[in-house]
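Structure record follows, encoded as structure tokens.
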Amino acid sequence: MSSNFLDYLKIFCKSGNGGAGKIHFFKNRRSKRSFSDGGNGGNGGNIIIKGNKRLKSLNTLKHKKHNLAENGEIGGSNCKNGSNGKDLLIEVPLGTTIKDINNNILLKIHKHNKNKLLFKGGKGGKGNYDYNFRSKLDLKGSPGKSKWLILEFIIYADVGIIGFPNSGKSTLISKLAAINTDIKDYSFTTTLPNIGIVKYNKWYTFLILEFPGIVKGSNKGKGLGINFLKHTKYNKVIIIILSVESKNILQEYNIILEEFKTYDNSLLLKQKIILISKSDILSFKKIILHKFPTQEKTFFLSFLNPKEIKNITNVLYNHLK
């Protein structure tokens, strides 16, 4: 997987320790009696997780494996409390799940600009001015909470595009979402997920995701595309795109289905659309069409024909609305 895209990361997080309370006495000049005036320690900083829809991967965290909130300061004299430690804010992309190393889920981040408390900071210790004689003086602040965590990011997208290299995935998403992608005539042009926004009308948009190309193996697919199959989780529709230039379109289709079955059998139950691309160079469409399962909707597509692009957009809208 390219280092330019991270969807899995292990980091260490620790909330701040509570500051110790202060033991201090002062003497009033008018009295021989001493008075306690030691302040409380400050609370440790919290670890806060915030969703950010502008982030597209976990890359911003890869160079900071240890994330520590500030400790609370020690209490002072004259009844002065120590300052609270600053919270540490960690921003993650929407669709991030945070787990401990035993795979227990701690947080799921789905909302933009929404703060969630991961670890609360330790409580500051009591100074002797706040001492209750009926209870034990808790001078020492409590420690913060620390754990190694696993962050897993899954891309939100309504539609996923899956196919072999040079099948037309990048061209399709560039036509549907009107975005510029790096399109060249060689394998592995797309090595990272590519996401675009399709504007159907003034009121409706949907997200579309291009997966890196799957590569042929001996009996099944392998390579970049397979590593990203977990990002099909939120796909309501999966487009399987196949090129008429392929030596064996049906074999490629079956390889993709086999990979779905191997990764997660429930993928076979998702709504799928078959697109046979570059159909402008094909003369005998019916020869190919009868080979595919009748339950799957199959469309021939020429990228040179705007009407066919519009038709695919309509088909997707009807499945998603």
Should the pair Lys310 and Tyr200 be classed as cation-pi, given the thresholds of under 6.0 Å to the six-membered ring centre and 45° from the axis?
-> yes
Closest non-hydrogen atoms of Lys14 and Asn71, given as atom of the first, atom of the second and distance, are NZ-OD1, 4.4 Å
Are Leu55 and Ile155 joined in one hydrophobic group, where the rule is that I, L, V, M, F, W and Y side chains link up if heavy atoms are under 4.5 Å apart?
-> no
Counting distance only, does the side-chain N/O of Ser174 pair as donor-acceptor with the main-chain N or O of Thr171 below 3.5 Å?
-> yes
Closest approach of Asp100 to Ile150 (non-hydrogen atoms, all atoms of both residues) | O-CD1, 4.0 Å
Does the side chain of Phe299 come within less than 4.5 Å of Ile274's, by heavy atoms?
-> no
Quick one: does Ile90's side chain get under 4.5 Å of Leu61's, heavy atoms only?
-> yes
Which atoms form the tightest heavy-atom contact between Leu172 and Leu301, and what is the distance?
-> CD1-CD2, 3.8 Å
Stepwise side-chain hydrogen bond (donor to acceptor under 3.5 Å, both in side chains) check, Lys50 with Asn113 = CA-CA 6 Å; Lys50 180 180 179 180; Asn113 251 2; 3.2 Å; yes
Side-chain ion pair, Glu152 and Lys230, N-O less than 4.0 Å = yes
Does a donor on one side chain sit under 3.5 Å from an acceptor on the other, for Glu308 and Ser302?
-> no
Going only through I, L, V, M, F, W and Y residues with side-chain contacts under 4.5 Å, is there a path from Ile49 to Leu68?
-> no
Minimum side-chain heavy-atom gap Phe303-Ser277 below 4.5 Å | yes
Are the side chain of Asn235 and the backbone N or O of Val237 linked by a donor-acceptor pair below 3.5 Å?
-> no
Quick check: does any side chain N or O of Glu70 sit under 3.5 Å from a backbone N or O of Lys86, one acting as donor and the other as acceptor?
-> yes
Are Ile161 and Leu209 close enough that some pair of their side-chain heavy atoms sits under 4.5 Å apart?
-> no
So, the side chain of Ser142 versus the backbone of Lys123: is there a donor-acceptor pair under 3.5 Å, distance only?
-> yes
Start with the C-alpha gap between Leu316 and Ile239, add the side-chain angles, then the distance that decides, and say whether side chain to side chain contact (heavy atoms under 4.5 Å, CB included) holds.
-> CA-CA 9 Å; Leu316 292 173; Ile239 295 175; 4.0 Å; yes
Do any N or O atoms from the side chain of Asn128 and from the backbone of Gly38 form a donor-acceptor pair under 3.5 angstrom?
-> yes
Starting from the C-alpha separation in whole Å, work towards a yes-or-no answer on side chain to side chain contact (heavy atoms under 4.5 Å, CB included) for His24 and Ser36.
-> CA-CA 6 Å; His24 189 267; Ser36 57; over 6 Å; no
Donor-acceptor pair, side chain of Asn311 and main chain of Lys307, under 3.5 angstrom | no
Heavy atoms, side chains only, cut-off 4.5 Å: are Thr313 and Leu176 in contact?
-> yes
Short side-chain to backbone donor-acceptor contact, Asp37 and Ser77, under 3.5 Å = no
Side chains of Lys99 and Asn102, donor plus acceptor under 3.5 Å | no
If we ignore angles and hydrogens, is there a donor and acceptor under 3.5 Å between the side chains of His231 and Asp7?
-> yes
What's the verdict on side chain to side chain contact (heavy atoms under 4.5 Å, CB included) for Phe164 and Ser246, showing C-alpha distance, side-chain angles and the deciding distance?
-> CA-CA 9 Å; Phe164 284 80; Ser246 168; over 6 Å; no
Pair His319-Val315, side chain to side chain contact (heavy atoms under 4.5 Å, CB included): steps then yes or no = CA-CA 7 Å; His319 283 298; Val315 170; 3.8 Å; yes
In Å, rounded to the nearest 0.5 Å, how long is the span from CG of Leu229 to OG1 of Thr262?
-> 10.0 Å
Would you mind reporting whether Asn46 and Phe119 have side-chain heavy atoms less than 4.5 Å apart?
-> no
Do the side chain of Asn78 and the main chain of Lys80 share a donor and acceptor less than 3.5 angstrom apart?
-> no
Which distance, rounded to the nearest 0.5 Å, do you find between the CD1 of Ile109 and the NZ of Lys111?
-> 11.0 Å
Distance from Cys79 atom SG to Phe26 atom CZ, nearest 0.5 Å?
-> 7.0 Å
Please report the closest heavy-atom contact between His110 and Lys108, naming both atoms and the distance.
-> NE2-CB, 3.7 Å
So does Lys270 have more than 12 non-hydrogen atoms from other groups sitting under 6.0 Å from NZ?
-> yes
Report yes if some heavy atom in the side chain of Leu118 is under 4.5 Å from a heavy atom in the side chain of Leu149; otherwise report no.
-> yes
Parallel, tilted or perpendicular, as decided by the 30° and 60° cut-offs, for the rings of Trp148 and His66 | perpendicular
Compare all side-chain heavy atoms of Asn81 with those of Tyr129 and state whether any distance is below 4.5 angstrom.
-> yes
Between CD1 of Ile208 and NZ of Lys169, what distance do you get to the nearest 0.5 Å?
-> 12.5 Å
Could you state whether Leu268 and Ile255 fall into the same hydrophobic cluster, counting links through intermediate Ile, Leu, Val, Met, Phe, Trp or Tyr residues with side-chain heavy atoms under 4.5 angstrom apart?
-> yes
Between Ser15 and Lys145 the two heavy atoms that sit nearest each other are OG-N, 2.7 Å
Judged by atom type as modelled, is there a donor-acceptor pair below 3.5 Å linking the side chain of Asn40 to the main-chain atoms of Gly21?
-> no
Roughly how far, to the nearest 0.5 Å, is the CG atom of Leu267 from the CG atom of Leu269?
-> 8.5 Å
Side-chain heavy atoms under 4.5 angstrom apart, residues restricted to Ile, Leu, Val, Met, Phe, Trp, Tyr: same cluster for Leu106 and Ile48?
-> no
First locate atom CG of Asn201, then atom OH of Tyr317, and finally report the distance between them rounded to the nearest 0.5 Å.
-> 6.0 Å
In terms of hydrophobic clusters joined by side-chain contacts under 4.5 Å, are Leu117 and Ile105 together?
-> no
What's the shortest heavy-atom distance between Phe260 and Ile238, and which atoms?
-> CZ-CG2, 4.1 Å
